[in-house]
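Working notes, structure below.
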Amino acid sequence: MSFFQYKALKGMQDILPPDIYLWQKVETAAREVFSLYGFQEIRPPVVESTNVFTRSIGENTDIVEKEMYTFTDKGDRSISLRPEGTASVVRCYVEKNLHTLPSPQKFYYAGPMFRYERPQSGRFRQFYQIGVEAFGDAGPRIDAEVISMLRHCLLRIGLKDITFNVNSIGCPECRPAYREKLTEFFAGGLDSLCPDCNRRQHTNPLRILDCKVDRCVDMRKGAPRVTDYLCNGCRTHFNGLLSFLELLGISCTVNPDMVRGLDYYTRTTFEVTSENLGAQNAVAAGGRYDRLVDEFGGPETPAIGFAMGMERIIELLRNSASHDFPAPDVFIAVIGDLAAREGLVIADRLRGKGFWVELGDVGNSLKSQMRRADRLSSKYVFIIGDDELNSGRLKWKKLSDSSQGEVSMFEITDFLLKQSS
RNA sequence: GUGAGCGUAGUUCAAUGGUUAGAGCACUGGAUUGUGGUUCCAGUUGUUGGGGGUUCGAGUCCCCUCGCUCACCCCA
């Protein structure tokens, strides 16, 4: 260990093989499933004007108040690394007048997000999300489709033991009244609530419903429930969603205590959690945001979306099944400099035919080259030495069953094609 | 931002305050000439995170600092 070391920044990690294959698997599964529902990829920038985020996420949220990576650029503009994806997509939707295209417009994105937080299990300063957004459909059917898509995606990835929660947090018409009811309910018992909840009473009373402290859990028994205070529009929408979910056979718990952090959500919110994660147990979460496009200066446009937390999905995947990682088709072991030259030529030819070929180091013994071939889980080893150069026939060995034989150097491709078929 | 735990070889971990800080894994070579996985032998690897203090003597005790981990807060 040397005195000074370059290290990745706190909360930022290198993603390496073999993990990277899990990442690719998840990304591929998501793309495939999303495309079945007509969602198309877009790639907004990772950096935006700071106010893109402050306006949408909410001035008073922790994300905006203390978690954003905000800089001043050389033109004295305040810019920020995106802490989440929706704001950028909405900005893009409005800026590029995408509402002029036939509705609904459905997009997905994938990439890194940045929040300056203390890292812990399942939480990082640079973390990856895959998210989707559907614009221009106000009805509950699209909500059900989006939730169904999320479910299909997670199933395709292979996640088990996950729980779906849904809720409706109302709209600007009915939520204020509910919020007031809730504040009244807790007002009498502030002494019994934890310090955090006393603060929440003023900042965001809905969060008290989410508190883990025992006495707060006791206190909120009998508290008014959002779902009992929805206006007619929100109630109809929520009932519609629930009936569609039932129609699709998606088991989903209605959880009136589920609160979402971002200010822009209206009506439907949902969350997928897993018991097999740490305290940060949300695998994916999302909801409807019917006012956001309007707030960005676009036409009133209903919208709904969700984001999946890549690291958390990978964590679950890593600990569940065993995984097959890619391995070389052929390892060429070489003995002597002439054989090494021939091996290089053969490797080049085979790679041109689409085979993954690894070359042994002529400086190492055959035993060591064989060992390396085995460690790489190579399917075949080809051995080239003086004998093979003279005869024009190389030795092959199949590592899985130790079978071996000879093949003409001119028939290697056919040999491999025949073996793999 | 708050709290707790932990920093020893590339890695996983040992070492009652007492010689020259050890072992597994990994890596390289070998065990009848050119054959992997299991076995055996040999070799390579360290300012014990950094700094200060206590002590005849510190990997071990104390203080500071840096880093990692988990939890709170918040959130994917």
Side-chain angles (χ1 to χ4, degrees), chain A residues 1-5 7-11 13 57-58 60-67 82-86 110-131 150 194-197 199-200 203-204 207 210-213 258-262 270-274 277-287 305-316 331 333-336 339 360-361 363-388 394-404:
Chain A
M1 205 174 287
S2 53
F3 294 98
F4 301 102
Q5 274 193 76
K7 298 189 63 176
L9 294 174
K10 184 199 282 282
Q13 48 179 7
I57 296 167
N60 298 322
T61 58
D62 274 24
I63 292 180
V64 164
E65 277 186 354
K66 45 194 184 193
E67 295 177 359
R82 62 184 182 192
E84 58 106 40
T86 300
M113 309 294 162
F114 303 84
R115 291 180 201 169
Y116 194 85
E117 303 178 272
R118 279 281 272 275
Q120 71 185 75
S121 181
R123 192 169 75 182
F124 308 92
R125 287 184 173 178
Q126 175 174 332
F127 59 102
Y128 288 76
Q129 289 188 338
I130 299 182
L150 174 57
C194 72
D196 280 326
C197 282
R199 178 175 50 79
R200 289 173 179 130
T203 56
N204 189 355
R207 280 242 164 259
D210 214 28
C211 186
K212 293 161 197 154
V213 177
M258 192 182 72
V259 182
R260 299 252 37 85
L262 311 178
F270 55 96
E271 188 173 81
V272 182
T273 56
S274 167
L277 291 170
Q280 309 299 319
N281 65 351
V283 169
F306 67 73
M308 304 189 291
M310 280 293 283
E311 286 83 358
R312 297 178 188 177
I313 291 173
I314 301 296
E315 176 68 13
L316 291 174
F331 186 98
V334 291
I335 305 156
D361 183 346
N364 288 341
S365 67
L366 179 61
K367 179 197 267 301
S368 142
Q369 294 184 59
M370 290 295 291
R371 187 164 38 223
R372 176 160 172 73
D374 185 58
R375 298 263 156 89
L376 291 169
S377 300
S378 311
K379 297 181 188 75
Y380 287 90
V381 178
F382 290 167
I383 300 171
I384 309 174
D386 290 341
D387 296 348
E388 289 75 16
L394 52 72
K395 302 258 185 355
W396 61 263
K397 181 166 187 175
K398 187 177 183 182
L399 292 188
S400 57
D401 62 7
S402 296
S403 60
Q404 48 188 327

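The shown structure was predicted, so the numbers you read here are calculated from the model rather than taken from an experiment. Numbers restart at 1 for each chain; the letters A, B, ... are given by sequence-line order, proteins then strands.
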(message) I want to check one thing: is the phosphate of rA76(B), taken as OP1 and OP2, less than 4.0 Å away from some side-chain N or O of Arg260(A)?
(response) yes
(message) Could you tell me how far apart Met113(A) (CE) and rA76(B) (C1') are, to the nearest whole angstrom?
(response) 9 Å
(message) At less than 4.0 Å, is any side-chain N or O atom of Lys66(A) found next to OP1 or OP2 of rC74(B)? Yes or no.
(response) no
(message) Counting only Watson-Crick pairs (N1-N3 plus N6-O4 or O6-N4) and G-U wobbles (N1-O2, O6-N3), all under 3.5 Å, who is the partner of rG67(B)?
(response) rC6(B)
(request) Round to the nearest Å and state the distance from Asp62(A) atom CG to rG1(B) atom C1'. (result) 10 Å
(request) Indicate whether OP1 or OP2 belonging to rC74(B) is found under 4.0 Å from a side-chain N or O atom of Arg118(A). (result) no
(request) Check the distance between rG37(B)'s C1' and Leu399(A)'s CG and give it to me in whole angstrom. (result) 9 Å
(message) Looking at rC72(B), I'd like to know if its phosphate oxygens (OP1 or OP2) sit under 4.0 Å from a side-chain N or O belonging to Lys212(A).
(response) yes
(request) Please report, rounded to the nearest Å, how far the P atom of rG37(B) is from the CG atom of Asp401(A). (result) 16 Å
(message) Could you tell me how far apart Asn281(A) (CG) and rC74(B) (P) are, to the nearest whole angstrom?
(response) 15 Å
(message) Under a 3.5 Å cut-off for both contacts, is rG18(B) paired Watson-Crick or G-U wobble with anything, and if yes, with which nucleotide?
(response) rC56(B)
(request) Would you tell me if any nitrogen or oxygen in the side chain of Gln120(A) comes within less than 4.0 Å of OP1 or OP2 on rC72(B)? (result) yes
(request) Using atom CD1 of Ile383(A) as one end and atom P of rG34(B) as the other, report the distance to the nearest whole Å. (result) 12 Å
(request) Please determine if a side-chain N or O atom of Ser365(A) lies less than 4.0 Å away from the OP1 or OP2 oxygen of rG30(B). (result) yes
